[in-house]
Amino acid sequence: MVLVFVETENGKVRKAALEAVYYGYLTAQKLGTSCQALLLGNAEDATSIGLYGATLVHQNDSISFNFFDNQIYSAAIAQAAKKLEASVVILSHSSNGKSLIGNIAYLLDAGSVSAAIDIPETDKGFSVRKGVYSSKALVNIEINTPVRVVSVLGNSLQIRVVGANTEVQSISLDVLQPGIKVLSVDKLQSNVTPLPEAERVVSGGRGLKGPENWGIVEELADVLHATTACSRPVSDADWRPHHEHVGQTGIAIRPNLYIAIGISGAIQHLAGVNNSKTIVVINKDPEAPFFKSANYGVVGDLFEVVPKLTAAIKNLNA
Amino acid sequence: MKLLVCISKTPDTTAKIAFNGDNTKLETAGITFIMNPYDEWYALVKAIEIQEKWGGSVSVLHVGPSENDSIIRKALAIGATDAYRIDTEAVSADQVAFQMASFIQQHAFDIIFTGKETIDYNGAEVGGRMAAQLNFPFISFASHLEMVAENQAIVKRDMEGGTETIQVNTPFVVSAAKGMAEQRIPNMKGIMTAKSKPLNVVTPQEYSPKINIVSHELPPAKKAVQYIDPENMAELARLLREEAKVI
Ligand SMILES: Cc1cc2nc3c(=O)[nH]c(=O)nc-3n(C[C@H](O)[C@H](O)[C@H](O)COP(=O)(O)OP(=O)(O)OC[C@H]3O[C@@H](n4cnc5c(N)ncnc54)[C@H](O)[C@@H]3O)c2cc1C
């Protein structure tokens with residue numbers, strides 16, 4: 001059985017979790033087994049997990065899951081995996097998923113691969129593909145333990161409805177005592193898709209000259225329902241918050257659309273965004289290295305080009 | 001306070017990546033290796049800052065052969081007190097975490113720092129695996145850490161679109177992200193004293209890795225860029241909808 005841990009946010013199943021479920025479904029199909037889901041806490045849309053391929057949702061709604069305590073979560077997930085005899089455990093490669101994978105894998109005496117981008121190859125053994133060297137290469141890693149733990153990189157596959165609403169069954173677990181105390185959770189804007197999950201990203205670099213000019217970036221992001229990002233010098237200078245920094249030392253993303261505005265395309269920047277499906281580069285310097293990685297390039301002054309692009313997209317949507 | 005920083009060796013961020021004959025190993029010719037930036041800039045410097053304020057020591061721990069000693073010496077030059085090198089090739093996250101946690105079990109450390117991930121395998125698994133083996137709390141992607149007492153820290157942790165503030169008692173494992181500290185460049189005095197600081201070699205434990213590398217590939221080459229007239233953004237909008245189908 002393939003067990004998928006589904007993450008929730010504000011009482012709802014996260015998009016990244018549905019991707020993990022669909023990944024789990026495809027993996028289960030390959031292995032000729034079933035895909036089931038584990039929900040810790042509550043989600044009003046829990047039954048819809050079935051749409052993406054889980055045949056059953058196991059839920060434990062202990063209040064201990066109200067806050068993210070890595071030890072409590074990983075112990076509960078490992079315990080459920082043992083109880084349900086899962087041979088594969090799937091997580092989202094989110095900030096919580098990344099925290100959990102090593103811990104869960106250790107508890108299950110399992111080999112693990114994080115940030116998988118493809119369904120496992122199961123013809124011979126069980127091997128998983130992921131990006132390495134900050135997306136400069138890909139690697140196929142074979143897991144050689146009976147139980148395997150895999151986390152799925154956001155936007156790695158297009159989810160499809162393959163099932164129907166499913167039953168939610170309660171599962172009893174021994175929940176640990178907290179080892180930490182969460183004092184506060186500060187969410188910036190809950191209506192914006194977080195960067196790792198965003199399908200469209202509009203990103204600004206030093207070419208924007210200063211934080212006061214970000215209006216044109218935000219307006220473009222608005223009409224595209226995109227999330228904003230930035231290059232490292234921009235967040236270093238505190239023009240934008242740190243969590244917007246993409247690249248080798250920031251977050252690695254793979255949206256369907258990445259629009260780079262006034263970003264030169266240094267190798268360390270590309271490392272975090274090169275896997276985007278479509279890249280648009282807007283830069284006044286025709287020699288900017290980013291053009292080599294772009295699908296569409298606009299050589300021009302961003303202060304003129306970006307508002308025009310925003311207007312054109314508004315027109316298209318009208 | 002006894003602080004430990006786990007450091008890893010990675011190719012320089014500008015390294016051109018290629019693989020040898022059967023695509024299982026990185027072609028190392030022409031590559032400069034560095035200390036993983038998260039380990040160096042954030043984990044190590046934060047540990048040194050705590051030691052400067054609260055006293056105690058900062059040890060660094062590395063899994064790898066003696067040819068990696070230059071990276072360890074750099075950590076000592078930046079300000080670590082002493083170093084331990086577990087004398088075996090690092091082959092997988094589970095193996096590295098097992099070797100380090102087994103070492104830590106024989107010593108008493110208050111805080112164990114790692115970088116948030118390495119820039120080669122980008123796994124982010126080592127910290128969690130060690131924490132599980134040690135049965136310590138694990139706080140990942142910490143962008144802020146302040147000791148409020150000898151045995152208690154307040155840590156801010158990055159997550160999608162926000163931060164979490166956490167109170168944790170020692171001992172714990174923490175992975176360091178941007179914001180934790182400011183990069184320090186070793187000075188001449190640091191480089192000189194690093195030479196005489198203890199670098200202890202530790203015998204590895206028996207262990208068989210739980211994964212193996214089947215092959216590497218380079219990503220497929222990208223098609224040439226299509227340039228759009230800056231006066232004609234309607235055309236770009238149309239292409240994004242009709243050709244790329246992304247809006
Ligand atoms: C170890 C290491 C790790 C790093 N990690 C990262 C990382 O994770 N992410 C990252 O982004 N960087 C990273 N960097 C930094 C990276 O090398 C570059 O310095 C950085 O990406 C440059 O940011 P930028 O493109 O915004 O600025 P610049 O390189 O200064 O580029 C600005 C661009 O804007 C264009 N421009 C200026 N004015 C206009 C205008 N009016 N209209 C149109 N275009 C205009 C210019 O032509 C130029 O191409 C790292 C560096 C190192 C050494």
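All values below come from the heavy atoms of this structure, side chains included, with hydrogens, waters and symmetry mates left out. Reminder, nothing fancy here: chain letters follow the sequence lines and each chain counts from 1.
In this structure, the portions of B:L239 lying under 4.5 Å from any heavy atom of chain A include both its backbone and its side chain. Both the backbone and the side chain of B:P137 come within less than 4.5 Å of a heavy atom in chain A. Within the 4.5 angstrom heavy-atom criterion, only side-chain atoms of B:K116, from C-beta onward, approach chain A. Both the backbone and the side chain of B:F138 come within contact range of chain A, each with at least one heavy atom under 4.5 Å from a heavy atom of that chain. Heavy atoms of B:F141 lying under 4.5 Å from chain A belong exclusively to its side chain. At a 4.5 Å heavy-atom cutoff, the contact between B:N135 and chain A is made by backbone and side-chain atoms alike. The parts of A:S235 that come within reach of chain B are both its backbone and its side chain, each placing non-hydrogen atoms under 4.5 angstrom from that chain.
Side chain of A:K130 to main chain of B:Y121: a donor-acceptor pair is present (N/O by atom type, distance under 3.5 Å, no hydrogens or angles). A:S99 contributes no side-chain N or O that, together with a main-chain N or O of B:S140, makes up a donor-acceptor pair within less than 3.5 Å.
The shortest side-chain heavy-atom distance between B:E160 and A:P196 falls under the 4.5 Å cut-off. With a 4.5 Å cut-off on side-chain heavy atoms, B:M159 and A:V185 count as touching. Looking only at side-chain heavy atoms (C-beta outward), A:N70 and B:I139 stay at 4.5 Å or farther from each other. Residues A:V281 and B:V225 fail the side-chain proximity criterion, which asks for heavy atoms closer than 4.5 Å. A 4.5 Å side-chain heavy-atom check between A:E121 and B:V214 finds every atom pair outside the cut-off.
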>> Let's go through A:D186 and B:K156 carefully: what are the C-alpha distance in whole Å and the side-chain angles of both, what is the deciding distance for salt bridge (Lys or Arg N to Asp or Glu O under 4.0 Å) to 0.1 Å, and is it a yes or a no?
In response: CA-CA 10 Å; A:D186 304 295; B:K156 281 202 161 102; 5.9 Å; no
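Listed by chain and number, the residues in a salt bridge (charged side-chain N to carboxylate O under 4.0 Å, His left out) with B:E164 are B:R157 (sequence neighbours excluded). Qualifying salt bridge (charged side-chain N to carboxylate O under 4.0 Å, His left out) partners for B:D158, counting only residues two or more places apart in sequence or in other chains: none.
Between B:L240 atom CG and A:L257 atom CG the span is 6.0 Å, to the nearest 0.5 Å.
Taking 4.5 Å as the heavy-atom cut-off, the residues of residues 167-185 of chain B that approach chain A are B:Q167, B:V168, B:K178, ordered by number.
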All N/O donor-acceptor pairs, side-chain side in residues 305-318 of chain A, below 3.5 Å, sequence neighbours left out:
from   : atom 1 : to     : atom 2 : distance (Å)
A:K308 : NZ     : B:E231 : OE1    : 3.1
A:T310 : OG1    : A:V306 : O      : 2.9
A:N317 : OD1    : B:R241 : NH2    : 2.8

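Residues A:Q268 and B:T13 share a closest heavy-atom pair of NE2-OG1, 3.0 Å. Closest of all the heavy-atom pairs between B:R129 and A:S112 is NH2-OG, 2.8 Å. When all heavy atoms of A:Q248 and B:Y38 are compared, the pair lying nearest together is O-OH, 3.3 Å. In plain terms, the two heavy atoms of A:N103 and B:A132 that are nearest each other are OD1-CB, 3.0 Å.
When the candidates B:L26, B:N232, B:V155 are compared by the number of heavy-atom contacts under 4.5 Å with chain A, B:L26 comes out ahead.
For B:F98 and A:Y106, the distance between ring centers is not under 6.0 angstrom.
Atom NE2 of A:H242 has more than 12 heavy atoms from other residues, nucleotides or ligands within 6.0 Å.
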